[in-house]
Amino acid sequence: MNWLIGLRDWVDARLPIMRAWDTHMGKYYAPKNFNFWFFFGVLSLLVLVNQLLTGVWLTMSFEPSGERAFASVEYIMRDVEYGWLIRYMHSTGASAFFAVVYLHMFRGLLYGSYRKPRELVWIFGMAIYLALMAEGFLGYVLPWGQMSYWGAQVIISLFGAIPYFGEDIVQWIRGDYLISGITLNRFFALHVVAVPIILLALVLLHILALHEVGSNNPDGVEIKKNKDANGVPLDGVAFHPYYTVHDLVGVSVFLFVFCTILFFFPEMGGYFLEYANFEHADPLKTPAHIAPVWYYTPFYSMLRAVPDKFGGFVVMAGAIAIMFVLPWLDRSPVKSIRYKGALSRAAIVIFAASFIILGVLGVKAPTPARTALAQVCTVLYFAFFLLMPFYTRMEKTKPEPARVTMDGGIGPVKFVGALVLVGLLAFLPLKAVGAESAFDCGTIPCDSFQVDLEDKASLQRGAKYYMNYCMGCHSLKHARYERTALDLGIPLELAEQNLIFDDTKIGELMQNAMPVPLAKKWFGAPPPDLTLISRARQPEWVYTYLRNFYRDDSPGRPWGVNNRVFADVAMPHAMIELQGLQECVAEGEHKCATLAVAQAGSMTSAEFDTVAADLTNFLAYVAEPMALERKRLGVYVLLFIVVFGFFSYLLNREYWKDVH
């Protein structure tokens, strides 16, 4: 112990570590009335560390080239030990980062954390937000999936709307005349080197500026105005150990939510990992609907709400720029929403609802009604800021207390009521314009299907059907024979004898379908790889597609069949000998309302449905072979977090029992 103290003192004499500790932790006094909203600053720092560490690990196996980027991500997911965990931590962390930052910014709006003397703290925070947006966009392109490519195409093309210099700027950003591997390579360099350096510098400046002027609190009262004889704020507590212990409770809750998503819902319904991004980028195949990832969609909605491209770009940029001048727009004599008047309270509720509506509209295909709603919400967004000098000055406010209060909030009942109000204001307009123009499965709703990865018999039968009816045309070029056999409980000798039809080795990738040159000659284009079809299209789509081939004798149908899910599909009905040939049955205006068997196959309809289910189950396994391991590990991780959170709560209660 003496040796360690001596080492500390030796270092401290040459580098003031103890003074830095006292300045920012041990003798930094924070208001003792922090509430729920003050967790998000610490959580932002936690997620930043997660992104940096997992990002470094991912770069060790990622190949930033147009030819290998997509495949290298799948290599990380499948062949790197726990690579799937690192990748999901990074992808989920990206969304978590924006979620906690948005809540952190909203807390600033609620309690006036941008007001004097914290203007510079707010400006550094907004600069962090800009850097984070750039970092998120650059990283979004790296997996080189369909939405990565086309999202980059849309965003980069916006700079072309700038008069005179636009096209030169676009070409400079791309590094090429088109988005290509060169673009990907330079985005990789910016994502892993340049922007993180800027981001870390801004975070450091943000914290230094905050600790110079002190933290705000829910009352907006400056605790430095009331000090004891020793210069210690009467309403403050040392950040360490009080808030380091206190924040452990919030960290526990956050980690529970974060890990629940990470281990059980990593795609989050296509919002965290978009389904289209499980398809390799194809410059010749434009997705039906291009939308950025969810945390950019409010500003994307503003862009689409303006008919003129340059005008939309200006509005989108202005929506972010106006937040930089927020400290000089608020003219209220009080800081906190607790003591502001009815106009400020109504304004922030409408602002929150409008921002949510814009975010939801941004992920949906535009319609005239949705565009009109986006225009209204864009006006409301800007009105919140532009009218602030007027409504904050003219409204009647409550007197600000001389010292912080421990129970000055609206209470849990009113808090829930405010959330419900914001939710209703967002939900009702969205409901009014929410009609969809198409089914998830083409012209029909998807059939119900439940993946069961624990049914080894179903997976083995699905592998058999795949090898017999699909492998001739479609490869599984990201999956390996050996792992597939081991996961499905198939002896390797049996797999070599029955699943491999050429000299491919058992440990190699399952990409020995028809040669690409012959496929192009016979079909005009090679049949798509099916490794990730279950994630790109979803299992319900695959199952419905397999069951909905029907006779189509119209000219131009080379195989005499079509599909209700994938209209004008180019492939033949590979399993026609099992299902037979179906034909359309008209009902009213619907020429193909239902299907009936016109030519019987070797199986009944119920038997073929089992075949389609087994094949879909197998393709779901191949798309994410670690899914079962992910969920099993997730149970243990969540149990650990619950125990950790329980002891954190007890520790926090012990430290804070005399403070209040």
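When a residue number appears, it is its place in the shown sequence, counting from 1.
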Can you tell me how far [atom2] of [Y] sits from [atom1] of [X], rounded to the nearest 0.5 angstrom?
| X | Y | atom1 | atom2 | result |
| --- | --- | --- | --- | --- |
| Tyr88 | Glu624 | OH | CD | 3.5 Å |
| Ile576 | Gln599 | CD1 | CD | 6.0 Å |
| Leu459 | Leu453 | CG | CG | 6.0 Å |
| Ile261 | Glu267 | CD1 | CD | 13.0 Å |
| Asn548 | Leu595 | CG | CG | 5.5 Å |

Under the side-chain contact (heavy atoms from CB on, under 4.5 Å) test, residues paired with [X] that sit two or more places apart:
| X | value |
| --- | --- |
| Pro572 | Trp559 |
| Pro558 | none |
| Arg480 | Asp79, Leu509 |

Identify the heavy atoms of [X] and [Y] that sit nearest to each other, and give their distance.
| X | Y | answer |
| --- | --- | --- |
| Ser605 | Val597 | OG-CG2, 4.2 Å |
| Leu615 | Gly462 | CD1-O, 3.7 Å |
| Ile641 | Ser252 | CG2-O, 3.4 Å |
| Gly489 | Gln460 | O-NE2, 3.8 Å |

Could you walk me through whether Leu43 and Val251 satisfy the side chain to side chain contact (heavy atoms under 4.5 Å, CB included) test, starting with their C-alpha distance in whole Å, then the side-chain angles of each, then the deciding distance to 0.1 Å, before giving a yes or no?
CA-CA 7 Å; Leu43 296 181; Val251 167; 4.0 Å; yes
Going by the salt bridge (charged side-chain N to carboxylate O under 4.0 Å, His left out) test, which pairs reach into residues 540-549, not counting sequence neighbours?
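Checked against salt bridge (charged side-chain N to carboxylate O under 4.0 Å, His left out) - neighbours excluded - the pairs reaching residues 540-549 are Asp447-Arg547, Arg547-Asp609.
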Qualifying salt bridge (charged side-chain N to carboxylate O under 4.0 Å, His left out) pairs with a residue from residues 460-472, counting only residues at least two apart or across chains:
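Non-adjacent pairs meeting salt bridge (charged side-chain N to carboxylate O under 4.0 Å, His left out): Arg461-Asp614.
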Only one of Leu488, Thr484, Thr504, Ile490 clears side-chain contact (heavy atoms from CB on, under 4.5 Å) with Leu499; which?
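Exactly one candidate clears the test, Ile490.
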How are the rings of Phe98 and Tyr296 set to each other: parallel, tilted or perpendicular (split at 30° and 60°)?
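Aromatic pair Phe98/Tyr296 classed perpendicular.
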Give me the ring orientation class for His90 and His191: parallel if the planes are under 30° apart, tilted from 30 to 60°, perpendicular past 60°.
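Answer is perpendicular, since the angle exceeds 60°.
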Met575 vs Gln579, test: side chain to side chain contact (heavy atoms under 4.5 Å, CB included). Steps then yes/no.
CA-CA 6 Å; Met575 293 188 289; Gln579 185 186 28; 5.7 Å; no
Would you give me the side-chain donor-acceptor pairs under 3.5 Å for residues 181-189, sequence neighbours excluded?
unit_1 : atom_1 : unit_2 : atom_2 : d
Thr183 : OG1    : Arg174 : O      : 2.7
Thr183 : OG1    : Ser180 : N      : 3.2
Arg186 : NH1    : Trp172 : O      : 2.5

Is a donor on one side and an acceptor on the other found under 3.5 Å between the side chain of [X] and the backbone of [Y]?
| X | Y | answer |
| --- | --- | --- |
| Asp176 | Ile179 | no |
| Glu274 | Tyr271 | no |
| Tyr102 | Tyr295 | yes |

Would you call Lys477 and Glu74 a salt bridge, using N to O less than 4.0 angstrom?
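Here Lys477 does not pair with Glu74 in a salt bridge, since their nearest N and O are not under 4.0 Å apart.
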Considering residues at least two apart in sequence or located in another chain, which fulfil the ring-ring contact (aromatic ring centres under 6.0 Å, His included) criterion with Tyr140?
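If we apply the ring-ring contact (aromatic ring centres under 6.0 Å, His included) test to Tyr140, skipping adjacent residues, there are no hits.
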Taking it one step at a time, do Trp144 and His280 satisfy side chain to side chain contact (heavy atoms under 4.5 Å, CB included)?
CA-CA 6 Å; Trp144 210 238; His280 191 280; 4.0 Å; yes
Considering only residues two or more places apart or on different chains, which pairs with a residue in residues 531-553 satisfy ring pair (Phe, Tyr, Trp, His ring centres under 6.0 Å)?
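Those involving residues 531-553 are Phe449-Tyr543, Trp541-Tyr545, Tyr545-Phe549, Phe549-His573.
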Name all pairs fulfilling the ring pair (Phe, Tyr, Trp, His ring centres under 6.0 Å) condition that reach into residues 458-488, sequence neighbours left out, sorted by first residue then second.
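Those involving residues 458-488 are Phe70-His478, Tyr466-Phe618.
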Just jot down the salt bridge (charged side-chain N to carboxylate O under 4.0 Å, His left out) partners of Glu629, sequence neighbours excluded, or say none.
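So Glu629 forms no salt bridge (charged side-chain N to carboxylate O under 4.0 Å, His left out) with any residue.
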What pairs with Lys505 under salt bridge (charged side-chain N to carboxylate O under 4.0 Å, His left out), at least two apart in sequence or on another chain?
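Once residues adjacent in sequence are excluded, Lys505 has no partner under the salt bridge (charged side-chain N to carboxylate O under 4.0 Å, His left out) criterion.
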Would you check if there is a donor-acceptor pair between the side chains of Asp568 and Asn562 at a distance under 3.5 Å?
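Short answer, yes.
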Under a 3.5 Å threshold, yes or no: a donor from one side chain and an acceptor from the other, between Ser95 and Trp294?
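Ser95 vs Trp294: donor-acceptor pair found between side chains.
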Ser475: partners by side-chain hydrogen bond (donor to acceptor under 3.5 Å, both in side chains), with sequence neighbours left out
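With sequence neighbours excluded, Ser475 shows a side-chain hydrogen bond (donor to acceptor under 3.5 Å, both in side chains) to Asp529, given in chain and number order.
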